[in-house]
Amino acid sequence: MRVRKAVFPVGGFGTRFHPITRAIPKEMLGIIDKPLIHYAFEEALAGGIEQFIFVTRQGKNSIEDYFDGMLAEFETKNGAPECSFCYVRQREPRGLGHAVLCARHLVNDEPFAVVCADDFIFHSKSCIGEMIKNYNGANMAAVMTVPHEDVYKYGILDIEKEQGSIVVAKSVDEKPSVEEAKSDLAIVGRYILSPEIFGVLEKLKPGVKGEIQLTDALLEMIPRVGLHGFKFEGIRFDCGFKSGLLAAILHMANKDKKLSAVLKKFYKENMSD
Ligand code: G1P
């Protein structure tokens with residue numbers, strides 16, 4: 001079945017970016033002139049997604065306003081876009097799994113994508129689009145190798161076998177300790193999921209951090225549905241952290257002729273020794 005819908009969980013508090021995120025959603029933080037959520041939208045659109053479902057929360061209305069304006073501009077230039085937008089509220093932030101569950105009535109009974117805007121992936125090909133091409137019915141998560149000391153920040157796969165860019169997982173563990181992690185292969189915020197996951201999520205008990213963890217649902221579904229890691233191409237910036245957002249901004253500035261000249265001048269004047 002074709003993957004037409006993508007869920008964007010945008011209900012998190014963004015406390016690492018306080019004080020700015022007291023007034024601005026984390027997903028509206030900018031990489032130069034476009035907010036993170038815009039890049040996530042572009043990646044999904046390029047990947048063939050037609051329905052964009054935002055799981056939002058109090059204080060996040062600027063995301064809706066942003067897309068109204070952006071779509072109006074898009075329509076003037078290109079005609080009506082072949083996509084639709086809808087928003088559903090997550091009343092309390094109870095974890096990624098809970099955010100996904102909030103979109104159940106909009107996704108219904110078809111496989112769907114999940115795109116977390118704070119994981120910014122820079123590549124000429126759409127990461128989520130490549131995942132859709134490789135989706136065969138098993139749940140799929142984008143994965144990358146991380147330094148072993150960082151495994152506690154991620155969902156970590158226990159690998160059964162690898163076939164090209166696909167890693168078949170025999171297990172997955174949310175934020176394991178450095179001692180307990182079964183590999184260094186970490187999930188980043190892109191998923192293609194079977195709708196069966198909703199029935200699993202609604203019965204899940206809170207896991208790590210007292211939250212409903214998507215990883216726990218993926219683990220439970222392995223015997224029936226399977227779990228594939230997708231080793232994506234491109235550079236990923238963890239824009240949930242200041243260091244990652246700064247690196248993404250510098251990377252994009254360096255790609256721009258005028259801005260890269262500004263960067264060079266800055267480095268020369270301030271960082272020569
Ligand atoms: C979430 C997931 C985790 C994944 C990570 C990727 O964690 O629960 O499995 O590895 O995103 O960014 P969070 O960063 O929301 O704590």
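Whatever order the structure lists ligands and atoms in, that order sets their numbers, starting from 1. This is a predicted model, so every value here is computed, not measured.
Close approach to Asp119 involves these atoms of ligand 1, each under 4.0 Å from a residue heavy atom: 6 (C), 12 (O). For ligand 1 and Ile187, the ligand atoms under 4.0 Å from any heavy atom of the residue are 4 (C), 5 (C), 6 (C), 10 (O). Numbered from 1 in the order shown, with element, the atoms of ligand 1 that lie under 4.0 Å from a heavy atom of Arg236 read 12 (O). Using a 4.0 Å cut-off to heavy atoms of Gln213, the atoms of ligand 1 that qualify are 8 (O).
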Let me check something: any side-chain donor-acceptor pairs from residues 202-222 under 3.5 Å, sequence neighbours excluded? List them with distances.
from	atom 1	to	atom 2	distance (Å)
Glu202	OE1	Arg104	NH1	2.9
Gln213	NE2	Val208	O	2.9
Thr215	OG1	Glu174	OE1	2.5

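Both the sub-6.0 Å distance and the 45° axial angle are not jointly satisfied by Lys242 relative to the ring of Phe17. With a 6.0 Å cutoff to the six-membered ring centre and a 45° limit on the axis angle, Lys133 does not count as a cation-pi contact of Phe230.
Of all protein heavy atoms, the one closest to atom 9 (O) of ligand 1 is Glu174 OE1, 2.7 Å. In terms of protein heavy-atom proximity, atom 11 (O) of ligand 1 is nearest to Tyr191 OH, 4.5 Å. At the shortest separation from atom 7 (O) of ligand 1 among protein heavy atoms lies Lys175 NZ, 3.1 Å.
The proximity of Thr215 to ligand 1, defined as any non-hydrogen pair under 4.0 Å, is limited to the side chain.
For Gln51, the side-chain contact (heavy atoms from CB on, under 4.5 Å) partners are Lys5, Ile53, Ser84, Cys86, not counting sequence neighbours.
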